[in-house]
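The next block holds one structure in the form of structure tokens; read it before the comments.
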Amino acid sequence: MKTAFIDWTEKNLNLYIFEKKAGRYYIADSSSVPIEGELESSDLKSLPLIGSENIFLSIPLDLLTLREQDFPFSDKDKIRDTIPYELEGMLLGNTDDYSIDHIVTGQPDNGSKVLAVCIEKTKLKEIIDLFSSAGLDPKVMTSLDLRLSGGKIETLLEETTSTAEIRAEAAGEEILNPLINLRQDEQAYTGDIEKFKKKLRVTTVLALVLLLILGAAATLRLVTAQKEHEALTKQMHAIYRNVFPEDKKIIDVERQFRGNLKKLKGKKAALAGIRALDILRNIALNKHKNITLREFSADGKNIIIKGAAKSFEDVESLKNSLAPVFRDVKVTDSSAAADKKINFTIIMQEKTV
């Protein structure tokens, strides 16, 4: 990052370009433009300022008003707050019409010897407007002559000539720690704020673009997930229909599956402990040839068989033959059918060991 220091003197417009390395500023380039009469925007536009991010400006002494003051204290903030009142009557017009800064030139007996540096706000605005017309916005407006003199009036009154090398070195010191800055109050530098706003706008735009990208990606994932969900739902419905074909309408696969599974578990519990094959075998071994069995059921307690016989005697004979194998054998229903056969129902219970 490059920083430009413009040294505005009576006859020349000197430019020093600095580069920052390891916390210090080193001069990288310099140039000079002669001034004929008043400083013009064209003079400023001729300066090679490409790549310079910050601009410092040294104002000629003849544009400044200097006043020496003594204060019985050394606190800098207190001096800054008090100095406008001390300068009342010492400046042309009201002190509110001036931009004021100061330099502490000595501290005798716990007090302070101060050089007040003033410039009319109207003149300051003219300078700022002139530089703005050339596309320049000085961050700090100071004076190299004040730094070179140490703020001492007697030194300023002497007609001494400083070389370009000396002024360039002083410019580097000003960049690190400005002696004064006359850009104050309504004329304060706002470039950093504008840069921040610009970066903020760029950041906001990038954030919006990122949100749009993330939103598009999320939408794509959602659509993909919905398609996968639909495919899985169709697959689950197909599997359910294969397992439970009697359910024609599927509303909630999980709930219906749980319900059917519960029913099956209930049936399993009802049949638990019943040796169905053994029971059927015992019935078959004791069945007479004149008897036809049509139905068999068991509910965990009673065993029920239904069938048809040629006569009531055959039904009674079946009952008697089952009595040794089962307990509480009873004929609960027997009646003659149209084909002259006897329909019957026998209820009994399995013998426990």
Side-chain angles (χ1 to χ4, degrees), residues 214-353:
L214 292 175
T219 302
L220 180 60
R221 287 196 298 270
L222 179 61
V223 171
T224 303
Q226 286 177 337
K227 289 182 178 179
E228 290 179 354
H229 179 264
E230 290 174 2
L232 288 172
T233 300
K234 289 180 181 178
Q235 187 177 359
M236 289 171 62
H237 283 194
I239 294 172
Y240 183 84
R241 285 193 178 96
N242 287 334
V243 178
F244 302 107
E246 67 278 5
D247 283 1
K248 302 300 181 183
K249 189 175 182 180
I250 302 175
I251 299 174
D252 187 334
V253 173
E254 182 181 357
R255 189 178 64 181
Q256 289 177 242
F257 183 84
R258 288 177 182 274
N260 286 327
L261 185 61
K262 186 176 180 181
K263 290 178 183 178
L264 291 175
K265 287 181 177 179
K267 291 180 180 180
K268 179 182 176 182
L271 295 173
I274 299 175
R275 297 174 294 108
L277 291 177
D278 290 342
I279 294 170
L280 289 172
R281 182 174 63 82
N282 289 332
I283 293 172
L285 290 175
N286 291 280
K287 182 180 73 69
H288 294 254
K289 62 180 181 178
N290 293 330
I291 293 176
T292 301
L293 295 178
R294 297 172 179 169
E295 186 177 332
F296 166 81
S297 63
D299 59 6
K301 180 180 179 182
N302 295 319
I303 301 167
I304 303 170
I305 57 174
K306 295 182 179 181
K310 286 188 176 182
S311 64
F312 288 105
E313 288 79 6
D314 291 332
V315 175
E316 189 66 22
S317 177
L318 175 60
K319 172 191 169 185
N320 294 332
S321 64
L322 292 174
V325 181
F326 298 94
R327 63 186 181 86
D328 297 332
V329 181
K330 299 175 183 177
V331 178
T332 59
D333 182 33
S334 59
S335 60
D339 57 0
K340 298 183 179 180
K341 289 186 178 182
I342 307 301
N343 294 325
F344 65 88
T345 299
I346 295 177
I347 297 177
M348 56 190 176
Q349 296 176 358
E350 188 179 10
K351 282 188 175 181
T352 55
V353 181

Smallest separation among heavy atoms of [X] and [Y], with atom names:
{"X": "Arg327", "Y": "Glu350", "answer": "NE-O, 3.5 Å"}
{"X": "Phe312", "Y": "Ser334", "answer": "CE2-OG, 3.8 Å"}
{"X": "Asn320", "Y": "Pro324", "answer": "O-CD, 3.2 Å"}

How many angstroms lie between [atom1] in [X] and [atom2] in [Y], if you round to the nearest 0.5 Å?
{"X": "Ile346", "Y": "Lys319", "atom1": "CD1", "atom2": "NZ", "result": "8.5 Å"}
{"X": "Ile304", "Y": "Gln349", "atom1": "CD1", "atom2": "CD", "result": "10.5 Å"}
{"X": "Thr292", "Y": "Asn343", "atom1": "OG1", "atom2": "CG", "result": "10.5 Å"}
{"X": "Lys306", "Y": "Arg294", "atom1": "NZ", "atom2": "CZ", "result": "11.0 Å"}
{"X": "Lys341", "Y": "Ile291", "atom1": "NZ", "atom2": "CD1", "result": "11.5 Å"}
{"X": "Leu222", "Y": "His229", "atom1": "CG", "atom2": "NE2", "result": "11.5 Å"}

Look at Glu254 together with Arg258 and state whether they make a salt bridge at an N to O cut-off of under 4.0 Å.
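Result for this pair is yes, salt bridge flagged.
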Would you mind reporting whether [Y] and [X] have side-chain heavy atoms less than 4.5 Å apart?
{"X": "Phe296", "Y": "Ile303", "value": "yes"}
{"X": "Met348", "Y": "Ile305", "value": "yes"}
{"X": "Val315", "Y": "Val331", "value": "yes"}

Ignoring hydrogens and geometry beyond distance, is a side-chain donor-acceptor pair present between Asp314 and Ser317 at under 3.5 Å?
no
Taking Lys262 for the side chain and Phe257 for the main chain, is one N or O donor matched with an acceptor at less than 3.5 Å?
no
Please lay out, stage by stage, how Ile251 and Gln256 fare under the test side-chain contact (heavy atoms from CB on, under 4.5 Å).
CA-CA 8 Å; Ile251 299 174; Gln256 289 177 242; 3.9 Å; yes
